[in-house]
Amino acid sequence: MSEKPIRNRAEWFSLGISLALLSAVIATVASLWLNPSLKPAEFTVEPGKVRAANDHYYLPVTIKNEGDATAAEVTVEGTLETTSPEEVANTTFDFIPARSEAEGVLIFSSDPAAAAVRVVSYQEP
């Protein structure tokens, strides 16, 4: 003769919480699957404060991907038109996930305080 185990309140409470969390995860996955976001990678680049060292000028840049798609091989270019000939520096980020940011540094031989910084290319992974 086997007796049915008696469930106490803590077990029922744990079961309820577990089912609620599992339902939330399933609903989130289903929602993302049924309504995928189609906004491509979209960038903004913000130059930082110039730092001088060893006859070079270092311009930190922060790039933000405000889109819903990951971008790979993102190339950022800084152009300093006040020099003759104009000076160009660039850096490449391996990838920048959706809704995230990355930081890099452009190196110039002249003060890049007036440099124009922009994204020139990226690949869709």
Side-chain angles (χ1 to χ4, degrees):
M1 299 202 275
S2 66
E3 292 183 27
K4 283 190 169 182
I6 299 173
R7 307 269 187 240
N8 61 28
R9 285 186 182 166
E11 290 175 326
W12 285 111
F13 183 74
S14 298
L15 177 64
I17 295 294
S18 299
L19 290 175
L21 289 173
L22 181 61
S23 298
V25 168
I26 290 172
T28 301
V29 169
S31 173
L32 291 173
W33 182 63
L34 293 173
N35 300 316
S37 179
L38 302 175
K39 185 177 179 185
E42 186 176 296
F43 304 103
T44 58
V45 183
E46 298 173 4
K49 186 177 179 183
V50 177
R51 176 179 59 90
N54 299 327
D55 296 329
H56 289 91
Y57 293 88
Y58 298 84
L59 178 63
V61 292
T62 301
I63 180 171
K64 295 179 183 178
N65 180 357
E66 297 172 349
D68 296 324
T70 297
E73 300 296 321
V74 181
T75 302
V76 175
E77 178 182 84
T79 306
L80 186 55
E81 297 176 351
T82 58
T83 62
S84 181
E86 75 179 15
E87 186 175 358
V88 177
N90 59 49
T91 187
T92 302
F93 297 89
D94 291 335
F95 71 96
I96 302 177
R99 305 270 177 213
S100 68
E101 63 182 47
E103 296 178 351
V105 177
L106 299 174
I107 302 172
F108 293 89
S109 60
S110 299
D111 187 359
V117 182
R118 66 187 182 104
V119 173
V120 292
S121 67
Y122 74 94
Q123 294 181 6
E124 295 178 354

Run the side-chain contact (heavy atoms from CB on, under 4.5 Å) test on Ser110 and Leu80 for me, step by step, so that the C-alpha distance in whole Å, both residues' side-chain angles and the decisive distance to 0.1 Å come before the verdict. CA-CA 8 Å; Ser110 299; Leu80 186 55; 3.8 Å; yes
Would a 4.5 Å heavy-atom cut-off, applied to side chains only, mark [X] and [Y] as touching?
{"X": "Arg118", "Y": "Val45", "value": "no"}
{"X": "Glu87", "Y": "Ser109", "value": "yes"}
{"X": "Glu101", "Y": "Ile96", "value": "no"}
{"X": "Leu106", "Y": "Pro112", "value": "no"}
{"X": "Val74", "Y": "Asn65", "value": "no"}
{"X": "Thr91", "Y": "Val105", "value": "no"}

Side chains of Thr79 and Glu86: is there a donor and an acceptor less than 3.5 Å apart?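 There is no such pair between these side chains.
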Kindly give the heavy-atom pair with the smallest separation between [X] and [Y], and that separation in Å.
{"X": "Ala69", "Y": "Ala98", "value": "N-CB, 3.7 Å"}
{"X": "Tyr122", "Y": "Ala71", "value": "CD1-CB, 3.6 Å"}
{"X": "Leu59", "Y": "Ala115", "value": "CD2-CB, 4.3 Å"}
{"X": "Glu66", "Y": "Thr44", "value": "OE2-OG1, 3.5 Å"}

For Tyr58, is the OH atom crowded, meaning more than 12 foreign heavy atoms sit under 6.0 Å from it?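 Above 12, so yes.
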How long is the gap from [atom1] on [X] to [atom2] on [Y], to the nearest 0.5 Å?
{"X": "Glu77", "Y": "Thr92", "atom1": "CD", "atom2": "OG1", "answer": "10.5 Å"}
{"X": "Glu103", "Y": "Lys64", "atom1": "CD", "atom2": "NZ", "answer": "10.0 Å"}
{"X": "Leu21", "Y": "Ile17", "atom1": "CG", "atom2": "CD1", "answer": "6.5 Å"}
{"X": "Ser31", "Y": "Ile26", "atom1": "OG", "atom2": "CD1", "answer": "13.5 Å"}
{"X": "Arg51", "Y": "His56", "atom1": "CZ", "atom2": "NE2", "answer": "11.5 Å"}

Linking I/L/V/M/F/W/Y whenever any side-chain heavy atoms sit under 4.5 Å apart, do [X] and [Y] land together?
{"X": "Val29", "Y": "Leu34", "value": "no"}
{"X": "Trp33", "Y": "Val25", "value": "no"}
{"X": "Val61", "Y": "Phe95", "value": "no"}

For Ala10, is there any backbone N or O sitting under 3.5 Å from a side-chain donor or acceptor partner on Ser14?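 Answer holds: yes.
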